[in-house]
2 protein chains.
Amino acid sequence: MRISKKAEYALRAALILAAAAPGRTLQIQELAESGTIPVKFLEQILLALKNGGLLRSKRGVGGGYQLDRPPRSISVGEIITIIDGSLSGLAQGIPTSGFPGAAGIHACLEQADRRTNDLLHSQSLADVLEADRARELLAFEI
Amino acid sequence: MRISKKAEYALRAALILAAAAPGRTLQIQELAESGTIPVKFLEQILLALKNGGLLRSKRGVGGGYQLDRPPRSISVGEIITIIDGSLSGLAQGIPTSGFPGAAGIHACLEQADRRTNDLLHSQSLADVLEADRARELLAFEI
DNA sequence: GCATTTCCCGACCATTCTGATGGGAAATGC
DNA sequence: GCATTTCCCATCAGAATGGTCGGGAAATGC
């Protein structure tokens, strides 16, 4: 029913990378500080994101991480899915038969899953950052 | 990210009650067998549903449970909410500031929550049973 | 008054999940 | 060859999940 801390951290890190100057690499340390994330925990997360095809990394002096694709083409849903395995699996494990309404309830939950999936896969990191800026502007005007 | 087993059982029990002849009371034993639910566990669940204003109960010989309202006016979302406390809290615990995109990501997840909430609160037990019957009919024609 | 059935506790338990932490191997740059 | 930084596996404590068990009180029907 919730998003895992791990996925939350992954989103933070991805957003920080997305907000950084394009082409710039950030090290785990910097990301951990900017996002207030435990370093070693973040390490695992970045690794997962890398293996998920989202990040590119470079070892050694001057190494670090950067997004492997433009922020416009990376969705919130994709990140959560990489980390948590799935996103909003309300229908997971629910039987499709065995008692009255079984198929119906499963279909219903599946539809809910589809909706959040669609929404979160349609929101890119760029969208999120823009929403953030729009919100700041609004706050300023008030 | 998932619906708890408890909520799943609650849905089963509610649907079984909804499918029964109106006005008929079912005992824990019957519900447990029809829904394949551990009896003592179900007891807790029915109690919660009763305190949530969904069920009416009667003690003693010939006692049991029945819905306190027509199936048309009880939603899937209501049941899950009573048992799990909330439904689809993707945005729960996500900060609204502290790093670039924080507000944006929170807003995004909140929107997803609103959508599943709307959907599941719009689906009544009656709807679910009907969907079930429609599906059976379809299977028959194939 | 006796059987039945819900009500309502509270304790316990096994397993899994979550949120980390630690230590070393392997690249890389100089 | 040495510092740096990622890679990767192993482990761990604590919480949550999904129950189980027991027992006594209170309705209700006969």
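Every chain is numbered from 1, with letters handed out A, B, ... down the list of sequences.
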Margin query: Could you tell me how far apart L26(A) (CG) and dT5(D) (C1') are, to the nearest whole angstrom?
Written below: 14 Å
Next item on the list: Taking D68(B) for its side chain and R56(B) for its backbone only, find out whether a donor-acceptor pair lies under 3.5 Å.
Entry: no
Item checked: Atom-pair distance (CD on Q27(A); C1' on dA3(D)), nearest Å -> 12 Å
Margin query: For dC7(C) and Y65(B) - does any side-chain N or O of the residue sit under 4.0 Å from the phosphate oxygens OP1/OP2?
Written below: yes
Check: With hydrophobic residues grouped by side-chain heavy-atom distances under 4.5 Å, do V76(A) and L129(A) end up in a single group?
Finding: yes
Note to self: So if I apply the side-chain hydrogen bond (donor to acceptor under 3.5 Å, both in side chains) rule between N117(B) and each of R115(B), R114(B), H121(B), which one comes out positive?
What the structure shows: H121(B)
Checklist line | Side chain of V61(B) (C-beta onward), nearest among dA26(D), dG19(C), dG29(D) | finding: dG29(D)
Next item on the list: Examine distances only and state if a side-chain atom of S122(B) and a backbone atom of L119(B) form a donor-acceptor pair shorter than 3.5 Å.
Entry: yes
Notebook entry, point to check: the helix from dG1(C)-dC30(D) to dC30(C)-dG1(D): angle between its terminal axes, five pairs each, to 10°?
Noted result: 20°
Next item on the list: Take the protein atom CD1 of I3(A) and the nucleotide atom P of dC17(C), then report the distance between them rounded to whole Å.
Entry: 18 Å
Next item on the list: Specify the separation, in whole Å, of atom CG of L31(B) and atom C1' of dT6(C).
Entry: 13 Å
Item checked: Distance in angstrom units between K58(B) NZ and dC7(C) C1', rounded -> 16 Å
Next item on the list: Output the residues of residues 37-53 of chain B in contact with DNA chain D, where contact means a heavy atom of the residue under 4.0 Å from an atom of the strand; sort by number or write none.
Entry: P38(B), K40(B), F41(B), Q44(B)
Item checked: Residues E43(B), K40(B): salt bridge by 4.0 Å N-O rule -> yes
Note to self: I want to check one thing: is the phosphate of dT6(C), taken as OP1 and OP2, less than 4.0 Å away from some side-chain N or O of R56(B)?
What the structure shows: no
Next item on the list: Please check if Y65(B) and V39(B) belong to a single hydrophobic cluster, counting links between Ile, Leu, Val, Met, Phe, Trp and Tyr side chain heavy atoms closer than 4.5 Å.
Entry: yes
Margin query: Rounded to whole Å, how long is the line connecting atom CZ of R59(B) with atom P of dA25(D)?
Written below: 13 Å
Checklist line | K5(B) NZ - dT16(C) P separation (whole Å) | finding: 14 Å
Item checked: First of Q29(A) and K6(B) reached from the 5' end of DNA chain D, by closest nucleotide -> Q29(A)
Note to self: Between E8(B) and K5(B), does any side-chain N to carboxylate O distance fall below 4.0 Å?
What the structure shows: yes
Margin query: So does L90(A) get a backbone contact from the side chain of D113(A), meaning a donor-acceptor N/O pair under 3.5 Å?
Written below: yes
Margin query: So, OP1 or OP2 of dC17(C): does either fall under 4.0 Å of a side-chain N or O from S4(A)?
Written below: no
Checklist line | L55(A) CG to dT6(D) P, straight-line distance once rounded to whole Å | finding: 11 Å
Check: Would one find a side-chain N or O of Y9(B) under 4.0 angstrom from OP1 or OP2 of dG18(D)?
Finding: no
Notebook entry, point to check: Is any side-chain heavy atom of L109(B) closer than 4.5 Å to a side-chain heavy atom of I80(A)?
Noted result: yes
